[in-house]
Structure formats: C-alpha cells, structure tokens
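Each remark here refers to the structure printed beneath this line.
FYI, side chains are in, hydrogens and waters are out, and symmetry mates aren't considered; it's all heavy atoms of this structure.
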Amino acid sequence: MCVFHGCLFPTIYSIPNPPPSSGHQCNSLPLAGRAGQLASFKANTLAAAWTGVQRQEVVCKRLDDNSIVQNNYCDPDSKPPENHRACNAEPCPPEWFIGDWLECSKTCDGGMRTRAVLCIRKIGPSEEETLDYSGCLTHRPIEKEPCNNQSCPPQWVALDWSECTPKCGPGFKHRIVLCKSSDLAKTFPAAQCPEESKPPVRIRCSLGRCPPPRWVTGDWGQCSAQCGLGQQMRTVQCLSYTGQASSDCPETVRPPSMQQCESKCDSTPISNTEECKDVNKVAYCPLVLKFKFCSRAYFRQMCCKTCQGH
C-alpha cells in the first residue's frame, strides 16, 4: 500500500520478533542462509512530489519453520539492501476548500454571512491549483446563508437640526428625537428606548456677534404752519436688533426729532367764517401766550385761538 498527501493513510504496523520455538537451541542453528527476504512489500508513509514510496523490508527468519527471529541470529554480511520504488503516481482527485464564515452583515433583523468555497487539486506536497467548480464531482457547499434573524430592539432616530435661534449671538439649535422600530415603520413611546443612549435634542450655537442697538426714526409729520414757516416732528427710538427698546444708543449721534418747515401761503385771504384754532397740540401755544409772542404774525397764526383777544 502507498501513501500520498491527501489520498490514503494506511495503518502502520511492525512485524513482531517472537522468541525461538521451544525444543530448538538458538545457538545451535547455522548462521549461513538464515537471512531471508520477506516476500511481500511493507507500506511506508514517505511521500515525494507526485508519488508515494514503497519500501522493501528485510528480516531474519529461521530456516526450519520460517519464523522471524532477532537480526543478530543472521550473518550481517549477508543482509541484502532494502529497496524502494514509487507508487500511486496518479494525481489526487479535486476536493472542495471551505473557508470560515465571515461576520454577519447585520446584528439583527436578518443578515447574510459568506465564506470562500473553492475547487482545489493538489499537485504536490505543498502546491495546489484552483479549478472551475465543475472540476469537483461532489455537491458544492453553500457560500452564503441567513444569520441573526432575531428582531432588532427599538432605536432612537434623530431628525434634522433647526436653525440657530436667535439669528446672532449665543443661541440654540433644536431637533426632534423619536423612538422607532429598526425598519423605521413604527414609532414607539420614548420609554421603550434606552434613555442613556438618547441623542441630544438641543445644542448651543452662534451665528456671530449681534449688531449694536441703533437709532430708528419715523416719518416726518405735517408742518405746523399752514402758511409760512413752521415745525414738523418725527419719532426717534433706540432699538435693539430684535426691535426691542434699548438705552444703549449713543446720544452723540441721535437724529433730531424736530425740524423747521415752510408751507406755501395761499394768496386768497382767509375767510372770516373759517374757524380760528391752535395748530400746535404739544403745549406750545400756552408758552406763546406766556412770553407774549402773539404779536408776531407767525405765532398768532399757529395759536389763533389762544391769541384771540391778546
């Protein structure tokens, strides 16, 4: 029997050395011709390249009953050499090489895992070649299979962040975080998701330094004089960037809230039937009367009612 790597592994045995048979004197046996050659070949496990090797074993046998005895009963000079010959020179048949399973593509909800499956033929003790799948005659092993089919637990799903509020200076962004099924099809109460792994719903942000408060003016009002010189007013406010009233505007650049104006006079005399009334409504006419400005045409016209009879 021959042994080749990947082919056949026989059981190794040895030929026992029994004691001489009773009734015979070992030292009286003649040495000449006591070395005999075993008629059959004994298998050996030595392999070389494509082939295995058979070895011829030589033992010492008794001449009278052909039993095997210790080698020292034979003449060592007459011992023939042990011969070798090649055997099983034909190549081994192809066989499947199966690699280890790789990690599952998912930890839950059903994934897939794969492994390498190749058709291999050995062409030497440490050399092999890869063949097409058709080269291996046995059923081809599977290369992938389902894994981790258990359902995944609910998980946190965070929506997009909102814009930073306010538009300048330190502020916050907000977002909604939901407890969803692994396929995102269902929404569960928040208590079903682990609180310690919940993503934050608010973070600090800043869109840059806010502009300082500034003076904001309204439109000019109507001129106080119906004819000639008068005054007109407007509102002046100090407002923050959010439109809230502020006291941080510098007074040195505050715009005026009153200016002189002039109304074009009509050449047609005022009808005596026209009602005489004060034009200014900001406690201006009492001062005109107090400081005796009613004698002046402009103030008498603006404070017609107050200046009547003076």
Side-chain angles (χ1 to χ4, degrees), residues 156-178 187 189-190 195 198-310:
W156 293 111
V157 176
L159 304 185
D160 294 336
W161 288 107
S162 67
E163 294 184 355
C164 190
T165 304
K167 296 296 184 181
C168 63
F172 290 95
K173 286 183 177 182
H174 298 81
R175 66 179 176 182
I176 297 174
V177 177
L178 301 173
T187 302
E195 183 64 28
K198 183 176 181 180
V201 297
R202 187 179 76 163
I203 58 173
R204 294 186 179 274
C205 60
S206 177
L207 294 178
R209 191 172 181 178
C210 293
R214 61 188 181 93
W215 293 107
V216 178
T217 58
D219 295 332
W220 286 107
Q222 186 178 0
C223 189
S224 60
Q226 295 181 355
C227 177
L229 295 177
Q231 290 179 328
Q232 57 186 169
M233 309 287 290
R234 67 177 178 183
T235 59
V236 177
Q237 295 177 293
C238 178
L239 300 178
S240 67
Y241 73 98
T242 59
Q244 302 296 318
S246 174
S247 59
D248 296 332
C249 296
E251 286 292 333
T252 54
V253 294
R254 175 172 180 162
S257 57
M258 183 177 64
Q259 70 176 5
Q260 192 176 42
C261 59
E262 181 179 6
S263 298
K264 186 176 181 180
C265 294
D266 193 352
S267 57
T268 305
I270 300 176
S271 172
N272 292 333
T273 59
E274 185 177 352
E275 181 182 1
C276 180
K277 61 181 180 179
D278 294 339
V279 176
N280 198 298
K281 301 294 185 181
V282 197
Y284 178 78
C285 291
L287 295 177
V288 170
L289 180 62
K290 180 179 179 180
F291 292 101
K292 300 180 181 181
F293 287 157
C294 288
S295 58
R296 301 180 184 182
Y298 167 74
F299 292 108
R300 188 174 188 85
Q301 183 179 4
M302 293 298 100
C303 302
C304 179
K305 187 174 182 180
T306 300
C307 291
Q308 275 183 336
H310 296 281

Which residues share a side chain to side chain donor-acceptor pair (under 3.5 Å) with [X], sequence neighbours left out:
{"X": "S246", "answer": "none"}
{"X": "Q259", "answer": "Q232"}
{"X": "T242", "answer": "S240"}

For residues [X] and [Y], report the shortest heavy-atom separation together with the two atoms involved.
{"X": "V177", "Y": "P199", "answer": "CG1-CD, 3.7 Å"}
{"X": "P166", "Y": "G171", "answer": "CD-CA, 3.8 Å"}
{"X": "W220", "Y": "S257", "answer": "CZ3-O, 3.7 Å"}
{"X": "R175", "Y": "P200", "answer": "NE-O, 2.8 Å"}
{"X": "C285", "Y": "T306", "answer": "CB-OG1, 3.5 Å"}

**Pair listing, salt bridge (Lys or Arg N to Asp or Glu O under 4.0 Å) test, anchored in residues 245-262, at least two apart** = none
**Prompt:** Is there any salt bridge (Lys or Arg N to Asp or Glu O under 4.0 Å) pair reaching into residues 220-243, and which pairs are they, with sequence neighbours excluded?
**Reply:**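 Counting only pairs at least two positions apart or across chains, no salt bridge (Lys or Arg N to Asp or Glu O under 4.0 Å) contact touches residues 220-243.
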**Qualifying residues under side-chain contact (heavy atoms from CB on, under 4.5 Å), relative to L239, sequence neighbours excluded** =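 Once residues adjacent in sequence are excluded, the partners of L239 under the side-chain contact (heavy atoms from CB on, under 4.5 Å) criterion are V216, Q237.
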**Request:** For C249, enumerate each residue passing the side-chain contact (heavy atoms from CB on, under 4.5 Å) test, keeping only those at least two apart in sequence or located in another chain.
**Result:**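 In terms of side-chain contact (heavy atoms from CB on, under 4.5 Å), with neighbours along the sequence ignored, C249 is linked to P213, W215, C238.
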**Message:** A side-chain contact here means heavy atoms from C-beta on lying under 4.5 Å apart; do L289 and C307 qualify?
**Reply:**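 Sidechains of C307 and L289: no contact.
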**Complete:** Rounded to the nearest 0.5 Å, the SG atom of C276 sits from the CD atom of Q301 at a distance of 10.0 Å
**Prompt:** Rounded to the nearest 0.5 Å, how far does NE2 of H174 lie from SG of C164?
**Reply:**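 With rounding to 0.5 Å, SG (C164) is 9.5 Å from NE2 (H174).
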**Asked** Do other residues, nucleotides or ligands put more than 12 heavy atoms under 6.0 Å from L207 CG?
**Response** yes
**side-chain hydrogen bond (donor to acceptor under 3.5 Å, both in side chains) contacts in which one or both residues fall within residues 156-172, not counting sequence neighbours** = E163-K167
**Prompt:** What side-chain hydrogen bond (donor to acceptor under 3.5 Å, both in side chains) pairs are there with at least one residue in residues 198-214, not counting sequence neighbours?
**Reply:**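 Found none.
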**Message:** Going by ring pair (Phe, Tyr, Trp, His ring centres under 6.0 Å), name the residues that satisfy it together with F293, two or more places apart in sequence or in a different chain.
**Reply:**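 Result, ring pair (Phe, Tyr, Trp, His ring centres under 6.0 Å) vs F293: F299.
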